[in-house]
There are 2 protein chains.
Amino acid sequence: MAATQKRTYARYTLEGLTLLGKMIRLGRKKRKMTEHELAERLGIARSTLQRMEKGDPKVEIGLMFEAAAIVGVKLFDADEKGITALISRTDDRIALLPKHVYKAGKRVDDEF
Amino acid sequence: MAATQKRTYARYTLEGLTLLGKMIRLGRKKRKMTEHELAERLGIARSTLQRMEKGDPKVEIGLMFEAAAIVGVKLFDADEKGITALISRTDDRIALLPKHVYKAGKRVDDEF
DNA sequence: AAGATATGCCTTATATATCGGTCAATTCGA
DNA sequence: TCGAATTGACCGATATATAAGGCATATCTT
């Protein structure tokens with residue numbers, strides 16, 4: 001009977017999604033856009049936008065980010081150039097680490 | 001022939017995703033976790049984790065957020081309580097606006 | 001107050017992401 | 001150096017999200 005194993009999410013994850021969804025909703029309303037309008041602009045169904053504003057964990061992350069951008073919600077508080085710079089810096093930091101991770105060394109090294 | 005209309009994403013969206021993916025990758029490596037380990041911890045296939053670290057717009061946002069949390073990448077720079085507070089504040093701000101948006105008034109009201 | 005519009009919630013068919021696996025190439029530990 | 005492990009890329013089958021629409025209710029405009 002296939003069981004359909006259900007996935008669970010940490011509370012922090014769900015709350016983060018709820019917040020993002022509400023921020024999108026707020027941004028949309030401040031711009032006086034209807035669900036129909038924003039959905040059309042995004043090229044998606046209104047029902048999908050509704051799931052996004054509710055913080056449904058199953059929606060495509062690309063759509064969520066796109067919607068956020070359209071209604072003026074910034075993630076990473078950085079503009080186009082800022083993001084690009086952050087990507088470079090992250091690449092540099094990754095390059096400093098071993099290419100492969102091996103289960104031998106058990107240090108955690110936790111300073112971001 | 002069904003045409004399979006392809007979706008496009010803004011550059012800003014794609015770069016944001018690339019950044020998030022790389023941050024997850026960096027976080028994973030700093031914690032010395034292999035792809036296999038993190039995927040198992042998340043309850044997903046390794047191939048899916050690989051798409052996430054590449055910033056694929058099609059992955060579930062819930063998985064991306066969950067992965068970020070596990071490897072110590074903070075979005076919204078706020079902890080559990082902080083997120084909850086932000087949700088409340090966002091709810092309050094939404095409550096101040098009209099329940100329905102009507103296409104009559106065209107003001108944009110852009111101050112976040 | 002009345003009419004029009006937006007929103008909430010639900011459902012089915014279809015498109016598509018995920019899973020689970022394989023194979024090759026790379027890189028680390030001993 | 002050699003062997004074991006990690007990573008990168010790819011693939012088909014299946015589970016699942018999305019699209020599209022309907023209907024009821026709420027709320028705005030005039």
Side-chain angles (χ1 to χ4, degrees), chain A residues 1-9 17 21-22 24-26 28-64 66-67 71 91 94-107, chain B residues 1-9 17 21-22 24-26 28-64 66-67 71 91 94-107:
Chain A
M1 24 153 190
T4 41
Q5 163 87 313
K6 194 161 184 138
R7 196 187 310 287
T8 63
Y9 301 89
L17 286 168
K22 285 178 185 290
I24 289 173
R25 186 179 181 82
L26 176 60
R28 174 176 65 79
K29 283 178 176 280
K30 292 195 86 165
R31 311 220 161 191
K32 300 218 190 303
M33 296 178 77
T34 64
E35 293 178 356
H36 178 76
E37 273 181 311
L38 182 53
E40 191 167 65
R41 172 83 179 276
L42 287 165
I44 64 176
R46 189 170 69 95
S47 54
T48 301
L49 174 60
Q50 288 178 324
R51 288 173 50 230
M52 299 199 308
E53 291 193 352
K54 280 186 182 170
D56 188 322
K58 305 285 189 181
V59 301
E60 288 183 18
I61 192 169
L63 292 180
M64 204 83 164
E66 190 87 4
V71 303
D91 273 334
I94 290 175
L96 293 180
L97 299 174
K99 315 294 181 217
H100 289 24
V101 170
Y102 278 79
K103 290 297 297 168
K106 278 296 199 181
R107 293 275 295 108
Chain B
M1 27 153 190
T4 39
Q5 165 85 316
K6 192 159 187 142
R7 196 187 309 289
T8 63
Y9 301 89
L17 287 167
K22 285 176 184 291
I24 289 172
R25 186 178 181 83
L26 175 60
R28 173 176 65 79
K29 282 177 177 280
K30 291 196 87 165
R31 312 218 161 192
K32 302 219 190 297
M33 296 179 76
T34 64
E35 294 179 356
H36 177 76
E37 273 181 311
L38 181 52
E40 191 167 65
R41 171 84 180 276
L42 288 165
I44 65 177
R46 190 171 69 94
S47 55
T48 301
L49 174 62
Q50 290 179 322
R51 288 173 51 229
M52 299 199 309
E53 292 193 351
K54 280 185 182 171
D56 188 322
K58 304 285 189 182
V59 301
E60 287 184 17
I61 191 168
L63 292 180
M64 204 84 166
E66 190 89 1
V71 302
D91 273 335
I94 290 175
L96 293 179
L97 299 173
K99 316 293 182 219
H100 287 25
V101 171
Y102 278 80
K103 288 298 295 168
K106 277 296 195 180
R107 291 277 294 108

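Below, read A as the first sequence line, B as the second, and so on, with proteins coming before strands; counting in each chain starts at 1. Here the structure is a predicted model, which is why all the values come from computation and not from measurement.
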Does a side-chain N or O from [X] land closer than 4.0 Å to OP1 or OP2 of [N], or not?
X	N	answer
B:Arg28	D:dT7	yes
B:Lys58	C:dA17	yes
B:Arg25	D:dT6	no
A:Arg7	C:dC19	yes

Calculate the interatomic distance between [X] atom [atom1] and [N] atom [atom2]; express it in whole Å.
X	N	atom1	atom2	answer
A:His36	C:dA4	NE2	P	18 Å
B:Leu97	D:dT27	CG	C1'	14 Å
B:Glu53	D:dT6	CD	C1'	12 Å
B:Glu40	D:dT6	CD	C1'	15 Å
B:Lys32	C:dG29	NZ	C1'	13 Å
B:Lys99	C:dG8	NZ	P	11 Å
B:Ile61	C:dA17	CD1	P	15 Å
B:Ile44	C:dC19	CD1	C1'	10 Å

Item checked: Distance, nearest 0.5 Å, that separates CZ of A:Arg31 from CD of A:Glu37 -> 12.5 Å
Among the candidates [options], find the nucleotide nearest to the side-chain atoms of [X].
X	options	value
B:Tyr102	C:dC28, D:dT29, D:dT6	D:dT29
B:Thr48	D:dT7, D:dC28, C:dC19	C:dC19
A:Val59	D:dT27, D:dT18, D:dT6	D:dT18
A:Glu35	C:dT7, D:dC28, C:dT27	C:dT7

Notebook entry, point to check: Side chains of B:Met33 and A:Val101: closer than 4.5 Å at any heavy-atom pair?
Noted result: no
Item checked: Heavy-atom check, side chain of A:Leu26 versus side chain of B:Leu97, under 4.5 Å -> yes
Check: Taking for each residue the nucleotide of DNA chain C with the nearest heavy atom, is it A:Met33 or B:Leu49 whose nucleotide lies nearer the 5' end?
Finding: A:Met33
Next item on the list: Between A:Glu60 and B:Val101, just flag the one whose closest nucleotide in DNA chain D comes earlier from the 5' side.
Entry: A:Glu60
Item checked: Closest-nucleotide 5' rank along DNA chain D - winner of B:Lys29 and A:Asp56 -> B:Lys29
Next item on the list: For A:Gly43, answer base if it contacts any base atom (sugar-phosphate contacts may also be present), sugar-phosphate if it contacts only those atoms, and nothing otherwise; contact means non-hydrogen atoms under 4.0 Å.
Entry: sugar-phosphate
Could you list all N or O pairs between the protein and nucleotides 9-11 of chain D that sit under 3.5 Å apart?
unit_1: D:dA9; atom_1: OP2; unit_2: B:Lys54; atom_2: NZ; d: 3.0

Check: Short question: side chain of B:Arg25, backbone of B:Glu53 - any donor-acceptor pair under 3.5 Å?
Finding: no
Margin query: For the backbone of A:Lys32 and the side chain of B:Lys103, can you confirm whether one donor and one acceptor N or O come within less than 3.5 Å of each other?
Written below: no
Checklist line | Non-neighbouring partners of B:Lys22 that pass side chain to side chain donor-acceptor pair (under 3.5 Å), sequence neighbours left out | finding: A:Asp91
Margin query: Given the structure, check if the side chain of A:His100 and the base of D:dT6 hold any donor-acceptor pair shorter than 3.5 Å.
Written below: yes
Check: Can B:Val59 and B:Leu17 be said to form a side chain to side chain contact (heavy atoms under 4.5 Å, CB included), step by step?
Finding: CA-CA 10 Å; B:Val59 301; B:Leu17 287 167; over 6 Å; no
List the atom pairs, donor and acceptor, that lie under 3.5 Å between side-chain atoms in residues 39-52 of chain A and the rest of the protein, sequence neighbours left out.
unit_1: A:Arg46; atom_1: NH1; unit_2: A:Glu35; atom_2: OE1; d: 2.9
unit_1: A:Gln50; atom_1: NE2; unit_2: A:Glu35; atom_2: OE1; d: 3.1
unit_1: A:Arg51; atom_1: NE; unit_2: A:Asp56; atom_2: OD2; d: 3.1

